[in-house]
Amino acid sequence: MMTVHDHSADSRRRRSRWGIAASLCAAVAIGLAVIAGCGESPPVLNAVGKYSDVAVITDLQTFNSVAFQLKKVLEIDAVTGLRHESMFNVDIFDMENAKDSRRYKNVIVLGYLRGRDEASREIKRRLGGEKMRVMESNNLFIAVREDVYARNQNVIFLAGNDRSFMASSVLEEGAALRGQIEGSNRIRLHRYLYSQGHNEADESTIRDQAGLRLALPVGWRLNGIKRDATGELGCVEVLANRPTRGVAVCWKDVDPAAVDLSDRETLLALRRNWGVFLDERLQDAFGFEWQMEDYRREEWPRLSGLYETGEEAYGGPFRTVFLLDVASRRLYGINWYEIGRAHV
């Protein structure tokens with residue numbers, strides 16, 4: 001379940017929302033199979049860099065066009081508001097010069113199913129004869145492994161039979177490939193965040209005062225719980241000290257049968273009401289964007305736009321995902337952001 005906190009006036013003026021899906025990782029736990037590379041010793045060194053970084057390793061003489069098509073579909077705009085921000089940052093490496101690529105947190109090895117080039121041989125060697133899963137396009141095959149070249153690493157083996165079909169199919173499979181990387185980032189971030197344990201005191205406070213079960217890692221703290229006079233609207237906010245990030249979960253008590261998640265005007269009005277808890281107002285002049293967000297194998301509406309704080313012209317982009325929980329009879333709005341000064 002989710003929860004939201006209150007900021008002091010000063011800290012509210014310094015907030016800048018950001019929309020990378022990985023920031024929700026403190027509240028998300030998903031399962032992923034862990035399969036070691038066949039016949040290989042476990043890696044000793046940890047993967048380095050950002051979770052948004054992706055290394056594509058291939059035989060560039062053969063797969064140059066496919067590799068750059070892959071870069072294109074992974075570096076789509078994350079739609080965070082003020083400026084273009086790529087969802088992932090992709091670096092392409094030729095197989096012969098791939099040493100620096102093997103410690104990225106996300107790696108894609110691209111080749112043929114039965115090729116003789118080094119990248120195709122690498123796929124065959126790492127999979128040890130295991131069959132790859134065919135993707136929806138029927139022209140690409142995929143296998144996923146963890147910790148192949150480094151620890152805390154996600155590796156996608158991607159292969160096909162025909163180079164021209166592979167290039168066009170990458171466009172069709174872009175959403176699936178981005179989803180795989182995002183899902184892996186979430187589980188690894190979750191693992192990292194909770195490696196030092198839980199903030200049990202604040203978890204208990206949130207559960208008792210807001211009726212929410214939020215797993216809160218050490219290094220994160222409750223910042224505040226607010227409700228309106230009716231008690232039907234509420235908000236809980238939790239913050240991480242380093243880096244300075246936050247998650248705000250707002251809610252409204254509802255009759256689930258009466259909720260229409262396709263009614264954007266009603267959802268936007270509700271988001272404005274929740275903004276009162278955060279001492280912010282939405283900036284209509286810049287407009288809003290609606291998309292669907294995949295969460296726990298279901299799609300939910302996501303609102304993106306710009307906000308500003310009450311007293312000074314500070315603010316930035318925001319993203320809110322609306323989730324309906326039938327069991328608790330609540331409609332939730334999950335907001336995540338990075339704390340800092342961003343003049344709008």
Side-chain angles (χ1 to χ4, degrees), residues 1-12 14-15 17-32 51 152 182-228 230-254 256 274-280 293 295-298 300 318-339:
M1 303 298 296
M2 332 256 170
T3 328
V4 185
H5 270 178
D6 273 315
H7 267 300
S8 67
D10 289 340
S11 63
R12 291 195 205 100
R14 295 195 297 269
R15 286 184 303 187
R17 300 307 190 265
W18 62 289
I20 304 304
S23 59
L24 253 182
C25 293
V28 178
I30 359 178
L32 188 67
Y51 283 93
N152 190 34
E182 282 192 300
S184 175
N185 284 347
R186 284 172 179 160
I187 187 65
R188 286 178 291 149
L189 275 168
H190 181 274
R191 189 183 301 153
Y192 167 75
L193 284 170
Y194 293 98
S195 62
Q196 301 300 315
H198 288 246
N199 181 344
E200 295 181 359
D202 282 351
E203 286 179 349
S204 178
T205 299
I206 294 169
R207 185 171 58 251
D208 295 342
Q209 296 185 18
L212 300 175
R213 294 184 179 274
L214 176 64
L216 198 63
V218 170
W220 285 67
R221 60 181 173 82
L222 175 64
N223 193 56
I225 301 174
K226 286 186 176 181
R227 293 178 183 269
D228 71 349
T230 69
E232 294 181 353
L233 291 179
C235 189
V236 175
E237 191 168 42
V238 294
L239 302 179
N241 297 323
R242 294 182 181 180
T244 49
R245 294 178 179 175
V247 177
V249 183
C250 303
W251 71 86
K252 179 182 180 181
D253 295 335
V254 297
W274 283 335
V276 174
F277 293 130
L278 302 171
D279 190 30
E280 66 177 27
E293 180 89 7
Y295 179 66
R296 292 185 176 176
R297 299 183 180 180
E298 292 189 62
W300 303 94
F318 75 86
R319 298 175 86 184
T320 302
V321 177
F322 296 88
L323 303 170
L324 176 63
D325 183 50
V326 175
S328 66
R329 301 176 65 84
R330 281 180 173 180
L331 177 60
Y332 288 100
I334 303 175
N335 308 271
W336 57 102
Y337 51 87
E338 187 170 11
I339 301 168

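Keep in mind the model is a prediction, meaning the values are calculated, not measured.
Atom CD of E182 sits about 6.5 Å away from atom CD of E293, to the nearest 0.5 Å. Between the OG atom of S195 and the NE2 atom of H190 there is a distance of 11.0 Å, given to the nearest 0.5 Å. Residue C250 holds its SG atom at 5.0 Å from CG of N335, rounded to the nearest 0.5 Å.
Residues F277 and L233 meet the side-chain proximity criterion, which asks for heavy atoms closer than 4.5 Å. At a threshold of 4.5 Å between non-hydrogen side-chain atoms, the residues W251 and Y332 count as touching. Side-chain contact check for L214 versus V247: every heavy-atom pair is 4.5 Å or farther apart.
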Under the side chain to side chain contact (heavy atoms under 4.5 Å, CB included) criterion, do V238 and I206 qualify, and how do the steps go?
CA-CA 10 Å; V238 294; I206 294 169; 4.0 Å; yes
For W300 and V321, run side chain to side chain contact (heavy atoms under 4.5 Å, CB included): C-alpha distance rounded to whole Å, both residues' side-chain angles, the deciding distance at 0.1 Å, then the answer.
CA-CA 7 Å; W300 303 94; V321 177; 4.1 Å; yes
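Nearest heavy-atom pair across I225 and A210 is CG2-CB, 4.3 Å. Minimum interatomic distance between T320 and G333 (heavy atoms only, all atoms of both residues): CG2-CA, 4.0 Å. Nearest heavy-atom pair, L193 versus P217, reported as atom, atom and distance to 0.1 Å: O-CB, 3.2 Å. Closest approach of A215 to H198, counting heavy atoms only: CB-CE1, 4.0 Å. The shortest non-hydrogen separation linking K252 to W274 is N-CZ2, 4.0 Å. The minimum heavy-atom distance between G231 and D253, with the atom names listed, is O-OD2, 3.6 Å.
Although no hydrogens or angles enter the test, the distance criterion places no donor-acceptor pair under 3.5 Å between the side chain of Y192 and the main chain of N152. Counting only distance, with no hydrogens or angles, the side chain of E203 and the backbone of L216 share a donor-acceptor pair below 3.5 Å.
With sequence neighbours excluded, no residue forms a salt bridge (Lys or Arg N to Asp or Glu O under 4.0 Å) with R207. Residues passing the salt bridge (Lys or Arg N to Asp or Glu O under 4.0 Å) test with D228: none are found, sequence neighbours excluded. Listed by chain and residue number, V218 satisfy the side chain to side chain contact (heavy atoms under 4.5 Å, CB included) test with Q196 (two or more places apart in sequence, or in another chain).
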